[in-house]
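Below is one structure, written out as structure tokens; the observations come after it.
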There are 2 protein chains.
Amino acid sequence: MIMLNQSRIVAAAVDLIEREGADAVSMRRIATELGVGVMSLYNHVPSKAALLDAVAEAVLSQVEFTDDPSAYWTDRVRIQARAFRQIAHHYPRCTMVVVSRQRTSAAGLLPVERALATLRDAGFDGREAVGLLRMFIAYVVGSLLREVGVAPAIPPVPPDVTSAGVDPALFPVVGELAPYLEECDHEEEFEFGLELLVQAMAVRAGGTVVRGDARG
Amino acid sequence: MIMLNQSRIVAAAVDLIEREGADAVSMRRIATELGVGVMSLYNHVPSKAALLDAVAEAVLSQVEFTDDPSAYWTDRVRIQARAFRQIAHHYPRCTMVVVSRQRTSAAGLLPVERALATLRDAGFDGREAVGLLRMFIAYVVGSLLREVGVAPAIPPVPPDVTSAGVDPALFPVVGELAPYLEECDHEEEFEFGLELLVQAMAVRAGGTVVRGDARG
DNA sequence: GGGTGACACGTACGCTGTACGTGCGTCAAC
DNA sequence: GTTGACGCACGTACAGCGTACGTGTCACCC
């Protein structure tokens, strides 16, 4: 008797995904990992798809919010956005799984609540708050996708299209800006867009642009 | 003799994906679709992964740019963003494939060239232009992912978490804004974020905020 | 005519998800 | 104490997957 249960299975799946990538996930592999027969898993998980949904939910539920309602709303927005980026960094390969399955899970609802509360506090009406949240989620998801996309390949430095094989006649601007296109500090990039979005929201809020960056 | 070739295979794959979803794609299925043996495909395509890369490239290459360098840069940005959304609408289920494989393909280079040229024309320096482009891509990708995510399920109206099963005590704001969360006009939402981004870029450019929306 | 390549094809191997049946442990009812 | 029900780990089995490999049939060139 090995006391199988859903959370142990999900944990093994998360572990496996992080170690060997999402393609390596198979029911047999997970069972072996747990020292268990394949079909035993099905006593706790209805299907592989459901297992991956559970993985997504488990990862998403680990987003830590230390929301401080007394802080200025722009700082609260920044902190919430960074919370997502943090777990995406902690589970880079699972992030792909989370994003690719768009199940509206319960774990995703708390962040939504916090974000909407923040935006309401900032003075936005309901419709605007929802619209801004959707835009924010789109930006964060898109950023994390790019940042995490390098994971499956051998990380060191994929021979980018921009490195040398670009015809300057066809792509003059790309050629000129190649140095900038090759280097990419993901954190810096994320913060750049985040700041632009926050500023844009502040402008829309009608207030003055606030520079109270909350990072250490 | 049935005159197989790569583009016919890719076309069949695109067709199959749009009709039955990415999960339905298998080499055998595509071969059957083409009235051909399975292994014949491998005379024109090295592997399934390469085929999916080719699908992504084919879809991406259909993005139509009618870039008018004489137009004001904000309008050019809007048009380019909408061009992506348009093909995503035309190939909703392939969009997922395009996004999930982050191969830096040649087809993706022309849009980059156009976008960077536009941003340089707007007066941004090289570093800023690249940063803004990355932010823009993140937003567009994130938006399209949300918009396209509904495709695999039965489209009509998935019973959203927000509809009724939400405890107003735990999620007061979500409960209050449920009507806005349930409805989602994707085009309106996309334009909302797009406008906010363009405005933010205009502010950053130091110029005045320009409202020259170019849509008919 | 004989060699050479391109290409459609069949077979086969190891892998996948999972439906189904089986056996064993524990617990409730009689 | 016996019996039945039930939970759960497990083995077997099946259809389907990607693809390595060998084979046969052409068109073409020397």
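Just so it is clear: chains get the letters A, B, ... in the order the sequence lines come, proteins before strands, and each one is counted from 1. Hydrogens, waters and symmetry mates play no part in the numbers below; they use all other heavy atoms, side chains included.
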Starting at [atom1] of [X] and ending at [atom2] of [N], how long is that distance when rounded to a whole Å?
| X | N | atom1 | atom2 | answer |
| --- | --- | --- | --- | --- |
| B/Ile9 | C/dA8 | CD1 | C1' | 11 Å |
| B/Ile30 | D/dG16 | CD1 | P | 17 Å |
| B/Leu41 | D/dG18 | CG | P | 10 Å |
| B/Lys48 | C/dT16 | NZ | P | 14 Å |
| A/Tyr42 | C/dC20 | OH | P | 13 Å |
| A/Met27 | D/dG11 | CE | P | 16 Å |
| B/Asn5 | C/dC7 | CG | P | 10 Å |
| B/Asn43 | C/dC9 | CG | C1' | 9 Å |

Inset, instruction - Could you say whether A/Gly37 or A/Arg28 is positioned toward the 5' end of DNA chain D, judged by the nucleotide with the nearest heavy atom to each? - result: A/Gly37

Legend entry - Closest nucleotide among D/dA20, C/dT18, D/dG18 to the B/Met39 side chain: D/dA20

Inset, instruction - Give the nucleotide from the list C/dG17, D/dA9, D/dT19 with an atom nearest to the side chain of A/Ser40. - result: D/dA9

Inset, instruction - State whether B/His44 places a side-chain N or O below 4.0 Å from either non-bridging phosphate oxygen (OP1 or OP2) of C/dA8. - result: yes

Legend entry - side-chain N/O B/Ser26 vs D/dC17 OP1/OP2, d < 4.0 Å: yes

Charged N to carboxylate O under 4.0 angstrom, [X] versus [Y]?
| X | Y | answer |
| --- | --- | --- |
| A/Arg127 | B/Glu183 | yes |
| A/Glu20 | A/Arg93 | no |
| A/Glu189 | A/Arg146 | no |

Inset, instruction - Enter the distance from B/Met27:CE to B/Met39:CE here, rounded to the nearest 0.5 Å. - result: 8.0 Å

